[in-house]
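Taking it in order: structure first as structure tokens, then the write-up.
Just so it is clear, the structure is predicted and the values come from calculations on it, not from any experiment. The residues of the chain are indexed from 1 along the displayed sequence.
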Amino acid sequence: MSQVKLTTNHGDILIELDAEKAPLSVANFLSYVRKGHYDGTVFHRVIKGFMIQGGGFEVGMKQKPTDAQIQNEANNGLKNAHYTLAMARTNAPHSATAQFFINTTNNGFLDFKSESPSGWGYAVFGKVIEGQDVVDKIEKSKTATKGGHGDVPVEDVIIEKAVEV
């Protein structure tokens with residue numbers, strides 16, 4: 001199993017990726033990791049009792065360019081359980097690019113139900129195996145609205161580096 005370490009300004013988060021059940025999502029995530037896309041990005045959306053989301057914005061809420069959208073793999077049997085990693089997307093089921101989120105509770109309502117616009121759910125492709133305390137700390141960040149985006153941490157939560165380990 002591949003692992004990725006996110007070095008943040010709040011501590012390290014070690015993620016184990018499930019390439020067997022989510023090959024497209026894992027390959028996509030690793031592609032962004034390998035080219036340094038996540039270095040210097042922020043967790044830009046933090047909602048207590050739900051999730052922390054990152055991978056798309058630099059400090060100052062400056063959006064980063066992304067590669068092509070990928071097929072949604074939410075029908076892989078993996079659940080949006082506490083400390084799992086899933087692909088973020090728009091309302092379009094197959095619109096995930098670079099952004100991901102870490103579930104901070106069991107979010108069963110995000111799981112795959114059917115291959116319909118409302119039933120696709122969000123593709124889980126890994127889980128936090130070390131640094132759950134760091135995830136918990138980030139989840140407690142005070143948030144506000146910044147640049148038209150809600151739930152943005154008042155003090156930047158920065159992914160300083162993302163590396164394959």
Side-chain angles (χ1 to χ4, degrees), residues 2-18 22 25-26 28-33 36-64 66 69-70 72-74 76 78-91 95-112 120-165:
S2 301
Q3 294 183 345
V4 167
K5 182 169 91 173
L6 301 179
T7 303
T8 79
N9 60 342
H10 285 60
D12 293 348
I13 300 170
L14 185 63
I15 297 157
E16 186 174 80
L17 303 173
D18 193 333
S25 301
V26 168
N28 176 66
F29 184 72
L30 287 174
S31 157
Y32 283 109
V33 167
H37 175 90
Y38 296 123
D39 302 356
T41 60
V42 293
F43 278 100
H44 66 277
R45 188 167 171 238
V46 172
I47 303 175
K48 285 177 187 65
F50 181 36
M51 56 93 221
I52 64 173
Q53 182 172 330
F57 293 86
E58 294 172 333
V59 173
M61 292 303 288
K62 182 175 168 242
Q63 192 156 12
K64 292 192 77 167
T66 61
Q69 299 176 349
I70 61 166
N72 188 329
E73 294 179 298
N76 63 14
L78 297 174
K79 303 291 182 207
N80 279 277
H82 200 173
Y83 300 122
T84 56
L85 193 70
M87 291 306 302
R89 60 173 177 78
T90 66
N91 288 334
S95 60
T97 55
Q99 292 187 35
F100 62 90
F101 62 92
I102 299 172
N103 288 290
T104 60
T105 189
N106 291 324
N107 288 317
F109 70 98
L110 297 178
D111 293 341
F112 175 83
W120 259 105
Y122 292 77
V124 172
F125 64 99
K127 64 179 184 244
V128 175
I129 56 170
E130 282 174 27
Q132 290 93 341
D133 57 325
V134 177
V135 173
D136 295 345
K137 192 165 138 188
I138 293 169
E139 183 193 14
K140 292 182 179 90
S141 299
K142 186 177 185 314
T143 60
T145 298
K146 263 189 204 172
H149 297 270
D151 307 304
V152 180
V154 173
E155 291 180 24
D156 291 323
V157 178
I158 304 166
I159 298 171
E160 294 163 347
K161 200 155 194 47
V163 292
E164 235 177 311
V165 290

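Residues Pro153 and Val46 approach most closely at CG-CG2, 3.5 Å, considering heavy atoms. Residues Ile158 and Asn9 approach most closely at N-OD1, 2.9 Å, considering heavy atoms. Heavy-atom minimum distance, Asn72 versus Gly121: ND2-O, 3.0 Å. The shortest heavy-atom contact between Tyr122 and Ala74 is C-CB, 3.6 Å. Across every non-hydrogen atom of Asn76 and Leu78, the tightest pair is OD1-N, 2.8 Å. Of all heavy-atom pairs spanning Ser25 and Phe125, the tightest one is CB-CB, 3.6 Å.
Residues in residues 128-137 take part in no salt bridge (Lys or Arg N to Asp or Glu O under 4.0 Å) pair, two or more places apart or across chains. Note on residues 138-158: pairs passing side-chain hydrogen bond (donor to acceptor under 3.5 Å, both in side chains), not counting sequence neighbours, are Thr104-Glu139.
Under the side-chain hydrogen bond (donor to acceptor under 3.5 Å, both in side chains) criterion, Ser2 pairs with no residue at all, not counting sequence neighbours.
Of the possible donor and acceptor atoms, none in the side chain of Asn107 sits under 3.5 Å from a partner among the backbone N and O of Ala81.
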Stepwise side chain to side chain donor-acceptor pair (under 3.5 Å) check, Gln132 with His82:
CA-CA 10 Å; Gln132 290 93 341; His82 200 173; over 6 Å; no
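Taking the ring centroids of Phe100 and Tyr32, they lie at or beyond the 6.0 Å cut-off.
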